[in-house]
Amino acid sequence: MTGRHSASGGRTEDETSKTGVLTWRSRRVWLPAIVALALVAATVGIVAAQTTQQGCSDRETVTVVAAPSIASVLDDAAPQGKSTHGVCTDVQVSPRKSADMVAELSRSDTEPPDVWVPDSSEWVQKLRRDTVGKVTRAQSLWISPPIASSPLVLAASAKDARSLVDTASGGWSKLLSGGSPLAVADPTTSTEGLLTLAAAQASLGRPSGTPTRRLVSGLVALSTDVVGGDTPALQASPEHPVPVSEQAVIAANAGSGSGDIQAVYPRDVGRSFDFPVVEFAPPERSPEHGDAVGAYVRSLYSAATQHALREIGLRDSDGSAFSSTVDFEGVAPTAVIPPSAQLSDRQMTGATRVWSAAERRNRTLVVVDVSGSMIGPKIRLATAAVRAAVGYLPDDARIGLWAFSTDLHGSSPWRSLVPLATLGSPSDGRRQTLRQAAGELPRLAAKRGKTGLYQTTAAAYRAVRGGYDPHRYNSVVLLTDGSNTVKGLSRNDLLTRLRSARSASRQLPILTVAIGPTADRGTLEKIAAATGGAEYDADSVGDILEVFLQAVIKEGS
Amino acid sequence: MQPTVVSRRGVLLGGGLAAVLSACSETVAPDYSSADLSGYEAIVNWSNWPDYIDVGANVGEHPTLDAFTRRTGIRVNYTEDYYDNEQFVGPAVKALDRGQQLARDLWCSSDWIVTRLIRDGALLPLRPENIPNARNLQPALRDAPFDPGRRFSLPWQSGFTGIAYNPKLTGGHVETMQQLFTDARLKGRVTLLTDVGDTVGMTMLSMGIDPATFTAAQFQQAIRKLDKVKASGQLKGFTGNEYISGLASGAIAACLAYSGDMVQLQADNPDLGFTLPGAGHIVWSDNFVIPQFARHRTNAERLIDYYYDPAVMAQVEDWVNYISPVAGSREALLKSDPGVAKNPLIFPSDAVLARAHTFRGFTADEDKALNAAFQELTQST
């Protein structure tokens with residue numbers, strides 16, 4: 001029983017007195033002496049005086065969920081059986097992938113642990129984004145600074161490392177456009193992938209989060225290299241460079257007993273794994289429990305825990321060099337690598353969208369309502385949404401654009417503005433064609449036509465089914481603020497047609513976007529359900545852009 | 001922010017030797033009230049309603065809170081986990097009754113439940129010497145019926161309860177409670193609020209009863225009126241803030257609604273109407289309160305003082321669009337965002353304020369019966 005959580009900085013005095021208390025107690029010092037000292041030191045545990053040497057007046061269990069790479073250290077760090085104020089603390093540490101934990105905590109019925117230590121602050125931010133406006137226990141969260149860090153590096157065989165260093169000297173932008181594949185883990189389920197995505201955004205994207213050409217092509221290249229959901233296992237001689245933490249390289253080399261794997265540091269070392277401490281503290285948490293959790297959290301910043309973290313190859317939260325006494329293979333222990341500032345929510349959402357668009361491989365017909373009720377902000381925002389989507393989509397996406405109302409093309413209620421075809425590079429001019437066609441929408445709405453919803457839906461579905469591409473995400477995105485006001489095809493006939501055409505091997509969902517209170521949500525839901533699609537709501541006009549992008553591109557969830 | 005290693009129970013400085021000795025006996029609950037750790041832990045733990053403060057570019061960023069931390073060095077653990085007065089306060093008071101300290105130093109409770117908190121002895125008084133800016137409190141709010149002299153509470157935001165409607169569905173204005181209750185065009189598409197002060201208070205005003213001074217019998221009279229309205233099939237139901245989506249989507253034709261919500265809804269749907277009836281409307285506040293045994297009482301008071309700086313509160317109003325309890329914030333906003341400063345729902349005229357009424361809380365004797373009557377109204381089918 002020593003003062004294991006002695007800490008750095010100006011807290012020595014407190015630590016000393018705490019250690020002192022524990023010593024006195026074990027000697028069963030005369031009670032009034034303790035009281036007198038308590039008043040002087042102001043840090044004595046009163047209740048502790050009642051306990052015997054080993055006894056605990058009470059026990060508190062602190063539950064901790066930690067990223068697998070750090071869990072064993074956090075388990076050892078726990079002040080097990082150590083009593084503060086006579087309350088003994090048991091700490092239970094469970095290793096858990098951060099992405100899985102975010103998914104679980106986002107649900108309303110999840111009872112969070114006392115403490116969560118993920119391997120990146122990006123996950124905490126994602127949790128906050130995913131739970132905005134939701135009633136969840138995870139809303140009661142307090143965030144403390146990271147306890148450690150580890151830069152994102154490229155792990156390569158010793159042979160490849162030499163040539164890779166040249167490319168890496170050009171930073172992530174060079175790495176992502178250099179043409180040599182990286183073995184990337186899925187950004188939606190792994191921290192390695194997520195930080196690689198962040199690195200791409202930081203070096204190729206814009207601060208506003210709107211996509212750039214370079215980001216789109218960089219992520220398209222990256223998305224073809226995805227090796228699967230989980231952290232790639234490091235082999236002695238990886239076939240392709242693998243973005244991982246520096247600590248993973250240290251651990252792999254320690255395991256194999258050799259320095260076969262080399263960490264290559266991109267010059268603009270953008271991203272680091274960091275390990276923030278998240279405390280879930282419901283208002284009615286008891287003070288005894290709060291004290292136990294607080295003591296545990298403090299112990300994570302203590303010299304002893306920090307020492308243990310350095311030993312497994314994690315840097316301090318500032319990214320300082322390792323001390324000269326450690327001898328890690330394959331890395332640059334004397335380099336100082338400060339973590340860079342976190343990206344904004346907009347940047348991460350933007351990057352995730354570009355990623356999803358690259359992965360989804362759209363073959364999508366966008367069908368926009370241009371009936372009279374769309375006149376005004378609605379149609380202008382629909383135009384802007386179509387134009388924005390063009391920016392997120394990769395060159396090989398196939399996109400078409402239709403408008404519908406009444407009598408737009410002879411007697412048919414729809415008109416094809418841009419037929420389904422590959423976008424191609426900017427020099428192909430098709431992106432420009434689409435943007436211009438989107439600009440036609442307000443002019444068409446000015447004709448104040450009615451809403452030929454059913455006939456148009458049936459025709460759009462047929463159009464996409466013809467030329468079905470089994471390697472792509474074939475879909476119709478239908479945007480409307482109204483209900484069908486044209487005779488010719490009944491709702492039942494439409495739904496029957498859609499249901500009978502549905503095929504498990506040839507999925508063709510219709511994604512509907514209902515704008516405002518006048519949209520016939522009931523029917524749109526049925527259309528979506530009949531085709532395995534989904535109904536999206538833009539309750540207010542201002543939501544059109546976001547909701548449309550979700551429908552076309554899908555949020556990376 | 002570095003965590004410190006001081007234990008709460010160690011700091012019984014105010015209690016003296018006797019208190020310390022008595023605390024050694026198992027039967028005496030520790031005296032947390034004197035254990036303000038503000039000087040040792042630069043932290044304050046604050047629970048608030050969701051979306052009720054200014055926000056930065058990223059989720060969880062609140063510029064005024066960040067500025068407070070920069071100014072004072074005090075970190076704010078700001079949690080948006082106050083969803084409902086009863087649900088938050090119920091468990092909290094139970095814990096306080098057991099002598100248990102809470103993991104919160106500060107939260108924002110609606111007027112009527114502050115009545116109960118004060119009565120139950122669940123709150124620590126606010127010490128004026130630590131909140132000099134409290135002098136900026138709007139004169140109209142100084143003497144709340146539930147907390148004369150504001151010894152225990154200071155408003156965070158105020159707002160009006162009024163009648164919202166969608167003219168496309170109602171075919172015209174909805175201007176009185178009577179119309180809300182009886183207009184056949186609204187049948188089955190009206191919602192009222194699950195908060196007793198709003199729904200019963202507005203009903204009382206339409207009946208000529210003063211919601212600040214009503215008797216138990218008058219309360220029951222209002223409940224009987226509401227029972228009849230409910231039996232007539234006029235109501236779609238009782239809601240919390242979820243009326244917002246119903247109103248936007250057209251599921252609700254008319255309803256009781258909060259002014260701040262309507263400012264935001266009308267920005268998207270300029271057609272939506274909002275009426276403060278001629279018979280009067282309810283003005284309410286959500287109030288800063290500090291619970292017994294608060295571990296960072298002084299820090300909490302410093303935070304309140306900070307928000308009572310008109311320039312700081314102006315930044316909050318610019319986001320939340322409720323009514324500022326702090327005099328001078330309108331003048332501060334006139335420079336930065338005149339549109340908001342001139343909005344009568346955010347900075348109401350004296351004439352509108354004169355028609356605003358507060359709903360008094362229940363006395364200990366009334367509490368059970370009157371609450372039960374309202375619960376019966378809202379929850380039975």
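The sequence lines fix the lettering, A, B, ..., with proteins before strands; numbering per chain opens at 1.
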I'd like to verify something: which residue of B:A103, B:G60, B:G250 has the highest number of heavy-atom pairs under 4.5 Å with chain A? B:A103
So which heavy atom on B:N58 is nearest to which on A:R346, and how close? OD1-N, 4.4 Å
Which residue out of A:S286, A:P283, A:P282, A:P377 racks up the most heavy-atom pairs below 4.5 Å with chain B? A:P283
Quick check on the interface: out of A:M348, A:Q342, A:E284, A:R521, who has the most heavy-atom pairs with chain B under 4.5 Å? A:E284
Checking heavy atoms, do the side chain of A:V132, its backbone, both or neither come under 4.5 Å from chain B? side chain
Walk me through it: do B:E61 and A:S344 pass the test side chain to side chain contact (heavy atoms under 4.5 Å, CB included)? CA-CA 11 Å; B:E61 270 177 26; A:S344 70; over 6 Å; no
Give a yes or no on whether A:K134 atom NZ has more than 12 heavy-atom contacts from other residues, nucleotides or ligands under 6.0 Å away. yes
Are more than 12 heavy atoms from other residues, nucleotides or ligands located less than 6.0 Å from atom NZ of A:K378? yes
What part of B:D51 gets closer than 4.5 Å to chain A, counting heavy atoms only: side chain, backbone, both or neither? neither
Checking heavy atoms, do the side chain of B:F88, its backbone, both or neither come under 4.5 Å from chain A? side chain
Any sub-3.5 Å donor-acceptor pair from B:D81's side-chain atoms to A:Q139's backbone N or O? no
Main chain of A:R285, side chain of B:Q100: is a donor-acceptor contact present, judged purely on distance under 3.5 Å? yes
Roughly how far apart are [X] [atom1] and [Y] [atom2], rounded to 0.5 Å?
X: A:D291; Y: B:R295; atom1: CG; atom2: CZ; value: 5.0 Å
X: A:S144; Y: B:N77; atom1: OG; atom2: CG; value: 7.0 Å
X: A:T136; Y: B:Y83; atom1: OG1; atom2: OH; value: 5.0 Å

